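Notes for the one structure printed next.
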Amino acid sequence: MSKFVVSARKYRPATFDEVIGQDHVAKTLKNALIGDKLAHAFLFCGPRGVGKTTCARILAKVINCENKINGVDPCNECGSCKSFSDSASFNIIELDAASNNSVEAIRTLIEQVRFQPQQGSHKVFIIDEVHMLSTAAFNAFLKTLEEPPPYAIFILATTEKHKILPTILSRCQIFDFKRIQISHIIQQLEHICKAENRTAEPEALQMIAQKADGAMRDALSIFDKIASASNDNITYHEVITQLNVLDYDYFFKMTDYLLREDFSQILLTLDDVMKQGFEVDLFIQGMSEHMRNLMVCRHPETLSILEISEGAMKRYHDQSMICTNSFLLSALNLLNQCDMSLSTASNKRLYAEIALSKICYLNRALEADLIPQSAGAEKKTLIASVSQANVSNSEALQAPTSNTNTAIEEEQTPEKSRPTSLNISEDIKILVEEPTSQHTSLPSAFEALSPVEPIVEKIELIPTSEPSVSTYPISSSEATPKVSIPKSKPNATPAVKSVSSLSSLDSIMNTVKAEEQAKKEARKSMSIELVEKIWMDYFDKNESSSVKVAMKNSFRTLVGLTITVQVGSENGRNVILQEDRLKDQLREQLGAEDLILDVVVDKSLFPEVEQEKPKTLYNNREKYELMNNKNSQLSELRIRFDLKIDK
Ligand SMILES: [Zn+2]
């Protein structure tokens with residue numbers, strides 16, 4: 001039989017000092033041992049695998065040891081210690097209440113309590129998963145628990161303290177075991193690596209510790225599994241493959257693409273993730289966590305709460321430096337909303353793609369938000385509310401800012417009193433999903449005005465009888481005076497800032513539209529002459545006769561972005577439509593990606609095409625003659641074998 005012992009058993013702590021992450025429990029128990037004030041019943045609560053049974057065993061071993069070291073550590077030499085180490089001690093009795101929850105099981109245990117220990121001073125009864133005991137079993141146990149013989153110590157362990165009856169709780173000294181911190185788990189794993197003569201990448205141990213979720217036993221089980229699968233070196237890659245965890249590299253890549261607005265790569269990366277069998281939900285949650293880590297990384301004082309390895313820390317820090325707080329917060333917001341809606345979504349992938357596309361254009365939206373023209377809807381509201389105020393009262397419009405140097409800063413800050421804006425710090429702006437109908441309150445509109453150049457001076461009232469003058473027509477039916485801002489002072493940017501509404505996506509669309517417009521204008525001038533030239537070039541270089549015939553028998557016209565090709569037959573149409581290279585060359589050389597090649601059949605234009613159609617062969621003689629025309633040896637064959645043609 002194999003001598004392999006799992007790490008969880010091999011490296012089980014033998015003294016209180018070796019217990020990891022439960023210093024508060026170890027300290028109390030040690031003090032009780034030194035002061036000889038040990039209670040007779042304990043309740044150890046806490047998550048699985050954090051050291052409850054270990055502590056119970058150490059306690060049992062120490063109190064029975066004949067030569068305690070410093071009063072708290074077992075000597076490991078006396079008879080009692082040796083029998084404990086060999087798991088042969090009669091002084092420790094363990095009962096798994098999950099499988100022995102009946103009254104009978106408890107009665108058997110109570111029987112054992114009645115006998116004094118043969119060796120050593122105490123008998124320790126450990127009842128694991130004690131919350132699984134039936135009510136009858138609990139009640140049978142109560143009397144013994146309250147007044148046990150002096151040599152008996154009960155240690156009840158549970159992961160679910162709330163399920164324990166209050167009558168039991170009041171009879172026990174309760175210890176709450178904590179989840180073990182990731183850094184402590186890593187330390188222990190490093191220690192084991194050293195003892196086992198293995199090496200491990202820091203990221204690998206980090207990932208194991210994270211996956212263990214605060215339970216040392218889980219961490220060690222994972223470690224054993226991966227150690228047996230890999231050689232002497234445990235790599236991060238091996239760990240994520242074994243644990244089926246998504247490589248954090250994907251989150252870095254995705255964030256890069258989002259910042260670069262590389263939408264095609266975003267879709268491909270998501271596709272790649274899904275192809276590897278990972279759920280969309282997990283990816284979105286991972287992205288949220290990544291954004292959160294980036295945000296934490298931006299401030300040196302919050303670095304300590306980031307539980308990641310040194311190498312990853314550098315990477316996070318580098319990426320966080322190219323993000324703005326506004327971007328990170330808005331992205332987190334969008335990811336969070338996506339995560340919430342994913343549970344009910346029928347097409348999760350689409351939801352994720354929508355969220356990612358929004359984040360993709362986030363920086364643009366945030367920038368566009370600084371340009372007053374693009375903040376259409378918001379501006380209308382603002383101007384409307386300003387005009388509703390008593391404009392003649394100019395004193396009221398003196399902005400109440402004491403320091404004029406802050407004017408520029410204010411320009412980049414959303415107005416503070418807007419109810420929908422979430423203001424974290426002065427330079428942070430968050431895009432929130434919200435209906436656009438909310439009106440800016442009056443005071444906030446004033447607050448947004450520049451103290452140096454009150455915007456109101458630029459607002460002139462236009463009589464309501466002139467309906468079409470307004471630059472920003474106010475759509476609401478309210479009888480508000482319409483106003484316009486003269487554009488005579490181009491450098492005097494109105495100090496109006498607003499929070500975009502992503503649901504409308506207006507500002508983003510405006511910039512995208514403007515960009516597309518510029519692209520259109522920058523296109524090479526398209527002319528039918530150029531089309532003809534490309535057409536003929538392609539015709540000359542093409543070697544397929546059918547393509548040549550089809551191309552020759554056609555007329556081209558150009559209207560806007562559409563080239564209409566008129567051909568004489570359906571066959572010719574199909575041939576031209578199949579020429580993808582022709583389309584590509586036209587698009588490329590005309591500089592128009594969205595060029596349309598429309599091929600239409602007009603038989604009247606090419607009457608001769610119809611005539612060229614091969615004659616239908618009706619009988620065998622006609623067939624033979626056609627074949628003979630193609631290959632004259634056929635007639636020789638016919639003569640040599642003296643064959644006759646069927647009539
Ligand atoms: Zn001993």
Side-chain angles (χ1 to χ4, degrees), residues 3-44 46 49-96 109 111-128 130 144-145 148-157 172-175 177 180 184 187-188 191-192 194-196 216-217 220:
K3 282 183 182 171
F4 176 74
V5 181
V6 294
S7 298
R9 280 179 61 200
K10 193 171 174 185
Y11 296 97
R12 189 188 276 276
T15 65
F16 286 119
D17 290 334
E18 287 174 19
V19 175
I20 291 157
Q22 312 297 350
D23 294 346
H24 60 297
V25 176
K27 194 179 163 198
T28 317
L29 288 176
K30 277 199 288 189
N31 285 343
L33 279 167
I34 292 166
D36 200 17
K37 287 173 183 162
L38 218 53
H40 60 261
F42 297 93
L43 179 65
F44 289 177
V50 294
K52 297 187 295 291
T53 315
T54 301
C55 277
R57 288 192 184 155
I58 295 172
L59 184 65
K61 191 172 175 181
V62 172
I63 51 178
N64 281 308
C65 178
E66 290 154 22
N67 316 299
K68 293 186 194 73
I69 301 168
N70 300 328
V72 291
D73 287 339
C75 71
N76 284 328
E77 309 239 316
C78 66
S80 167
C81 283
K82 277 184 177 159
S83 61
F84 261 105
S85 303
D86 299 342
S87 310
S89 176
F90 291 109
N91 290 342
I92 183 160
I93 294 122
E94 293 190 37
L95 179 83
D96 176 24
L109 187 92
E111 281 294 303
Q112 287 178 303
V113 175
R114 282 167 50 195
F115 300 108
Q116 282 205 12
Q118 300 295 308
Q119 190 189 23
S121 56
H122 287 82
K123 260 185 158 177
V124 178
F125 297 87
I126 301 173
I127 306 175
D128 230 338
V130 70
T144 317
L145 194 61
Y151 50 83
I153 289 182
F154 292 97
I155 301 176
L156 316 180
C172 298
Q173 208 172 70
I174 300 168
F175 288 89
F177 283 63
I180 303 170
H184 289 156
Q187 273 173 22
Q188 176 71 358
H191 166 73
I192 293 172
K194 212 178 252 177
E196 299 275 315
M216 184 63 86
R217 190 171 55 219
L220 296 178

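Model, not experiment: these values are computed from the prediction. Atoms within each ligand, like the ligands themselves, are counted from 1 in listed order.
What you find for Asp73 and Thr15 is that their closest heavy atoms are OD1-CB, 3.6 Å. The nearest pair of heavy atoms linking Pro13 to Glu18 is CA-OE1, 3.4 Å. Ile92 and Phe84 get closest at one heavy-atom pair: CG2-CE2, 3.6 Å. Heavy-atom minimum distance, Lys123 versus Pro117: CG-CB, 4.0 Å.
Here the side chains of Glu94 and Thr53 are in contact, with some heavy-atom distance below 4.5 Å.
The Zn ion (ligand 1) has Cys65 SG, Cys75 SG, Cys78 SG, Cys81 SG as protein N, O or S atoms under 2.8 Å away.
In the model, Lys61 has a side-chain atom that pairs as donor or acceptor with a side-chain atom of Asn76 under 3.5 Å.
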